[in-house]
Amino acid sequence: MKKTIIITGGAGFIGSHVVRLFVTKYPDYKIINLDKLTYAGNLENLRDIDQLPNYTFEKADITDAKRIGEIFAKYQPDGVIHLAAESHVDRSITNPLEFIQTNVVGTLTLLNAARDAWKGNMEGKKFYHISTDEVYGSLGETGMFTEETPYDPRSPYSASKASSDHLVRAYYHTYKLPINISNCSNNYGPNHFPEKLIPLSINNIKNNKPIPIYGKGENVRDWLYVVDHARAIDVIFHKGVIGETYNIGGHNEWTNIKLIKLLCEIMDKKLGRAPGTSAKLITYVTDRAGHDLRYAIDATKIKRELGWEPSLQFEEGLEKTVDWYLANEQWLNNVVSGDYEKYYAKQYNR
Ligand code: NAD
Ligand code: TYD
């Protein structure tokens, strides 16, 4: 069956992997990548597929109701997969308002556009909202987040994502908008912006710069390879029961310090350095304000009901990620220098 799908945030880290998967796996679908191209949006992420006939790019801000309405009228989408967001916790601590604008007001704007466009005929339509495990708050040493865990966000980022999740559910109950939500754990892999822990550390190790570890490095995250997240999004978009929420995770918990030590070992091997060389760059720095101690996802529901599970072991995925960053030095240098933003300003005349 043919479908027209708007994917928001398709130029970002996870969005670009979702766009690639949908464009290549479903040649009959029309995929519209709707992205504002903030500092985190980079069309270079999609260079390998951007000439395919079923791919279109629309530069737009999800808070711009008029423009979003025009895009819905132009394409008449059957589905929305909504990834566009401000996504970095540290930035949310310095500038919370931007997170409320994009993550809350932007999501509301898209919900309104979908409701207007699908009024009277919701059959076969779906608004799929991509969220995070951070909405559930912080775990102690034991336990896991299930779909029933009460929301307890503790950073401006997670509070803004929690608000957007609540709005999506409210539109399901109030207006019968056909929705799904998924809450995923930390992703890693190619095209990850080098402000986040793993790509930042790869870049610093490569350049012999200190690796900043917040606090004691004892905080725990549950890591999932980004392509496995994209596969889960595909499964939920096609098979997810309307109104349901699905947790997505790798059953792969690491303290930050153990993870960075493993990354240092891999980097030593790849860069031909003596064992222990990169680990000398580890530097403990002031902790993040309100730093959540531990996240861990119970992904039983999606496995049991939709048959999804992660395909990669962490060591394998981390090695693949390092290989990608070392082979794509130009991508990394362009992002770090901000050259890509100048390129798009010129390319899109904005
Ligand atoms: P990202 O920061 O790499 O990309 C975000 C994208 O959204 C960028 O392309 C940016 O240009 C676009 N964008 C931002 N503001 C916009 C606006 N106002 N209008 C249109 N486009 C806009 O983020 P990511 O890491 O790929 O995360 C994508 C989604 O997945 C987010 O909703 C995030 O909350 C969620 N998520 C991320 C992780 C993770 O580990 N990265 C884990 C779980 C969930
Ligand atoms: P991050 O990649 O920012 O993801 P999130 O905060 O959404 O989980 O951070 C992952 C973990 O790494 C988190 O516990 C904070 C920590 N961290 C550092 O120790 N140093 C850093 O430079 C960064 C960016 C993060």
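Atoms within a ligand are numbered from 1 in the order they appear, just like the ligands themselves. Keep in mind it's a predicted model, so treat the numbers as computed, not measured.
Listed by number with element, the atoms of ligand 2 under 4.0 Å from a non-hydrogen atom of V89 are 6 (O), 7 (O). Remark: ligand 2 atoms within the under-4.0 Å shell around heavy atoms of N256 are 11 (C), 12 (O), 13 (C), 14 (O), 16 (C). Of all the atoms in ligand 2, the ones that sit under 4.0 Å from a non-hydrogen atom of E134 are 5 (P), 7 (O), 8 (O). Within the listing of ligand 2, atoms 3 (O) sit less than 4.0 angstrom from a heavy atom of H88. For ligand 2, the atoms lying closer than 4.0 Å to a non-hydrogen atom of I213 are 19 (O).
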*Could you please spell out the steps behind the ring pair (Phe, Tyr, Trp, His ring centres under 6.0 Å) verdict for Y225 and Y188?*
CA-CA 5 Å; Y225 193 62; Y188 70 99; 5.5 Å; yes
*Which is it for E86 and Y157 under the side chain to side chain contact (heavy atoms under 4.5 Å, CB included) test, yes or no, and what are the steps along the way?*
CA-CA 8 Å; E86 287 294 333; Y157 164 66; 5.9 Å; no
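Checked against the 6.0 Å centroid criterion, the rings of H238 and Y26 qualify as a close aromatic pair.
Protein heavy atom at the shortest distance from atom 20 (N) of ligand 2 is P212 O, 2.8 Å. Counting protein heavy atoms only, atom 4 (O) of ligand 2 is closest to N186 ND2, 3.4 Å. Protein heavy atom nearest atom 13 (C) of ligand 2, with residue, atom name and distance: H291 NE2, 3.4 Å. Considering only non-hydrogen protein atoms, atom 25 (C) of ligand 2 sits nearest to Y214 CE1, 3.5 Å. Among protein heavy atoms, the minimum distance from atom 2 (O) of ligand 2 is reached at L197 N, 3.0 Å. The nearest protein atom to atom 24 (C) of ligand 2, hydrogens excluded, is given as E195 O, 3.3 Å; this is a heavy-atom distance.
The immediate protein surroundings of ligand 1, defined as residues with any heavy atom under 4.0 Å of it, consist of G9, A11, G12, F13, I14, D35, K36, L37, T38, A40, G41, A60, D61, I62, L83, A84, A85, S87, T102, I130, S131, T132, Y157, K161, C184, S185, N186, N187.
For the atom pair L306 CG and E244 CD, the distance stands at 9.5 Å (nearest 0.5 Å). Note that CD of E253 is 9.5 Å distant from OG of S185, once rounded to the nearest 0.5 Å. Note that CG of D292 is 12.0 Å distant from CZ of R294, once rounded to the nearest 0.5 Å. Atom OG1 of T63 and atom NZ of K36 lie 6.0 Å apart (nearest 0.5 Å).
A distance-only check finds a donor-acceptor pair linking the side chain of N252 to the backbone of W223 [under 3.5 Å]. Not a single donor-acceptor pair under 3.5 Å links the side chain of R169 to the backbone N or O of S164.
Considering backbone and side-chain atoms together, W223 places no N or O closer than 3.5 Å to any N or O of ligand 2.
Geometrically, R288 does not engage Y214 in a cation-pi contact defined by less than 6.0 Å to the ring centre and at most 45° from the axis.
Among the candidates Y128, Y172, F127, the single residue satisfying the side chain to side chain contact (heavy atoms under 4.5 Å, CB included) test with N180 is Y128.
Taking the six-membered ring where the residue is Trp, Y136 and Y151 present perpendicular rings, their angle passing 60° and hence far from 30°.
Under 4.0 Å from ligand 2, the heavy atoms of R288 that appear belong solely to its side chain.
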